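In what follows, a single structure is set out as structure tokens and then discussed.
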Amino acid sequence: MGEAIVVTSGKGGAGKTTLSANLGAALALEGHKVLLVDTDIGLRNLDVLLGFEDKIVYDLVDICTGNCDAKKATIKDKRFENLYFVPASQAKEKDAITPLQMRNFISEVKEEYDYIIIDCPAGLEQGFENAVALCDRAIVVAMPEMTSVRDADRIIGLIEQRGIEKTELVINRMRKSLADKGVMLPVEEILEILAVNLIGVVPEDERIIAAANCGTPCVLDEKSMAGKAYKNIAKRVKGEEVSLLDISDKRNVFVRIIEAIKN
């Protein structure tokens with residue numbers, strides 16, 4: 001029986017879709033059979049990050065409403081032996097499916113996959129209720145700024161109300177140099193506010209943008225620090241003990257000198 005994991009953050013922009021894509025890809029690289037599910041009906045983006053925007057024929061709404069079976073709508077990622085994807089509908093409304101229909105779908109695919117990674121839409125309406133239906137675990141994504149942490153705090157409370165017992169945190173787009181200056185919230189302060197288990201810290205990494213524009217998960221980029229962080233998160237999801245990456249700012253010394261002069 002597979003494990004269903006919802007990736008959420010409350011509001012948009014924290015990086016949950018990027019985490020979903022890369023976590024799924026990293027688990028597939030580890031040899032697990034993984035299904036990525038986009039539940040952001042009307043505003044799908046996971047297909048773009050995977051490079052599948054031109055391959056979609058059927059979608060999640062088609063599955064849940066009986067228009068086709070799950071296998072017909074599922075896209076196989078040829079770059080990974082064990083990675084599969086179910087897209088959201090771009091033409092339908094968020095209430096096109098119900099939490100009960102989503103529960104039935106997740107119950108079915110749990111029989112076939114080791115992990116089902118569910119990319120939750122922004123907001124706390126029906127899209128959220130669909131995404132958390134029958135989930136075993138939640139990963140909340142927050143950026144190191146107070147508004148994002150406040151959103152994460154609210155979503156953690158709602159997840160607990162839905163009966164999901166295991167909730168973990170990923171801090172995204174962290175720059176230690178800015179945290180040291182007090183510009184960003186440090187990891188320790190975020191954990192004190194949210195009081196959940198930390199499963200990963202992803203550094204700011206411009207290579208993510210390049211990977212997203214190419215429709216390629218950055219876990220395939222050996223030079224990407226974020227890609228390494230995502231791989232470590234996947235190992236922790238599996239229960240392995242992995243140390244956090246050293247995310248010290250190691251940019252070119254001349255860049256740091258120029259910034260010091262400006263300040």
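Note: hydrogens, waters and symmetry copies are ignored here, and every other heavy atom, side chains too, is used. This chain uses plain numbering: 1 for the first residue, then up along the sequence. Since the structure is predicted, the reported quantities are computational estimates derived from the model, not experimental observations.
Residues P87 and L46 form no side-chain contact, since every pair of their non-hydrogen atoms from C-beta on lies 4.5 Å or further apart. With contacts defined as side-chain heavy-atom distances shorter than 4.5 Å, the pair F85/D47 qualifies. Taking the side chain as every heavy atom from C-beta outward, D136 and I5 never approach each other to under 4.5 Å. Proximity of I97 to K92: side-chain heavy atoms (C-beta onward) are nowhere separated by under 4.5 Å. Using a 4.5 Å heavy-atom threshold, the side chains of V6 and I139 count as separate. Looking at T216 and R79, their side chains come closer than 4.5 Å, going by heavy atoms from C-beta outward. Here the side chains of Y230 and I208 are in contact, with some heavy-atom distance below 4.5 Å. Proximity of Y58 to V86: side-chain heavy atoms (C-beta onward) are nowhere separated by under 4.5 Å.
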Side chain to side chain contact (heavy atoms under 4.5 Å, CB included) between V219 and L29, intermediate numbers included: CA-CA 9 Å; V219 293; L29 287 173; 4.1 Å; yes

Verdict with supporting geometry, L198 and V187, side chain to side chain contact (heavy atoms under 4.5 Å, CB included): CA-CA 9 Å; L198 180 68; V187 171; 3.9 Å; yes

Verdict with supporting geometry, V196 and V140, side chain to side chain contact (heavy atoms under 4.5 Å, CB included): CA-CA 10 Å; V196 292; V140 177; over 6 Å; no

Test log, rule salt bridge (charged side-chain N to carboxylate O under 4.0 Å, His left out), inputs K71 and D69: CA-CA 6 Å; K71 288 186 177 180; D69 60 28; over 6 Å; no

Pair D151-R154, salt bridge (charged side-chain N to carboxylate O under 4.0 Å, His left out): steps then yes or no: CA-CA 5 Å; D151 292 339; R154 185 179 181 195; over 6 Å; no

L194/L169 under side chain to side chain contact (heavy atoms under 4.5 Å, CB included): CA gap, chis, key distance, verdict: CA-CA 9 Å; L194 298 179; L169 175 70; 3.8 Å; yes

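Surrounding OH of Y113 are more than 12 heavy atoms belonging to other residues, nucleotides or ligands, all under 6.0 Å away. More than 12 heavy atoms of other residues, nucleotides or ligands lie within 6.0 Å of CZ in R44, so this atom counts as buried by the packing criterion. Heavy-atom neighbours of E165 CD from other residues, nucleotides or ligands within 6.0 Å: at or below the threshold of 12. Within 6.0 Å of CG on L244 lie more than 12 heavy atoms contributed by other residues, nucleotides or ligands.
Criterion: ILVMFWY side-chain heavy atoms under 4.5 Å apart, direct or through other members. Under it, F80 and V109 are not part of a common hydrophobic cluster. Hydrophobic clustering (ILVMFWY, side-chain heavy atoms < 4.5 Å, transitive): V170 and I159 are in distinct clusters. Residues L19 and M143 do not share a hydrophobic cluster, defined by chaining ILVMFWY side chains whose heavy atoms lie under 4.5 Å apart. Cluster membership check: L60 shares its hydrophobic cluster with I106, using side-chain heavy-atom separations under 4.5 Å among Ile, Leu, Val, Met, Phe, Trp and Tyr. Cluster membership check: L158 shares its hydrophobic cluster with V149, using side-chain heavy-atom separations under 4.5 Å among Ile, Leu, Val, Met, Phe, Trp and Tyr.
Closest approach of M102 to N130, counting heavy atoms only: CG-O, 2.9 Å. A pairwise comparison of heavy atoms in L27 and K238 identifies CD2-CG, 3.9 Å as the closest pair. For L83 against A28, the heavy-atom pair with the smallest separation is CB-CB, 3.9 Å. Nearest heavy-atom pair, I233 versus G200, reported as atom, atom and distance to 0.1 Å: CG1-CA, 3.8 Å. Taking each heavy atom of A4 and L134 in turn, the nearest pair found is CB-O, 3.9 Å. Nearest heavy-atom pair across M174 and A179 is SD-CB, 4.1 Å.
Once rounded to the nearest 0.5 Å, the distance linking CG of N82 with CG of D114 reads 8.0 Å. Considering CE of M1 and CD of E111, their distance stands at 4.0 Å, rounded to 0.5 Å. The CG atom of L35 sits 6.0 Å away from the OG1 atom of T74 when rounded to the nearest 0.5 Å. Atoms CD1 and SG, from I63 and C68 in turn, are 5.5 Å apart once rounded to the nearest 0.5 Å. Distance check, rounded to the nearest 0.5 Å: OG1 of T8 to CD1 of I118 gives 11.0 Å. Of the inter-residue distances, the one linking M184 atom CE with E145 atom CD reads 7.5 Å to the nearest 0.5 angstrom.
Not a single donor-acceptor pair under 3.5 Å links the side chain of K110 to the backbone N or O of E3. With hydrogens and angles ignored, the 3.5 Å screen pairs no side-chain donor or acceptor of S107 with any backbone N or O of R103. Using modelled atom types, no side-chain atom of E222 and backbone atom of G227 make a donor-acceptor pair closer than 3.5 Å. A side-chain donor-acceptor contact under 3.5 Å links Q101 to the backbone of T98. A donor-acceptor pair under 3.5 Å is absent between the side-chain atoms of D59 and the main chain of A88, judged by distance alone. No donor-acceptor pair under 3.5 Å is formed between the side chain of N172 and the backbone N or O of V141.
A side chain to side chain donor-acceptor pair (under 3.5 Å) with D119 is found for exactly one of T18, T39, T17, namely T17.
Between R236 and E241 there is no salt bridge, since none of the side-chain N atoms of the basic residue sits less than 4.0 Å from a carboxylate O of the acidic one. Between R175 and E204 no salt bridge is recorded (no basic side-chain N to carboxylate O distance below 4.0 Å). The pair R207-D205 fails the salt-bridge criterion, with no side-chain N (NZ, NE, NH1 or NH2) lying under 4.0 Å from an Asp/Glu carboxylate O. The existence of a salt bridge linking R150 and D153 is excluded, since no basic side-chain nitrogen approaches an acidic carboxylate oxygen closer than 4.0 Å.
Residue pairs satisfying the ring pair (Phe, Tyr, Trp, His ring centres under 6.0 Å) criterion with at least one member in residues 115-147, sequence neighbours excluded, are listed as follows: H32-Y115.
In this view, E112 and K33 satisfy the salt bridge (Lys or Arg N to Asp or Glu O under 4.0 Å) rule, not counting sequence neighbours.
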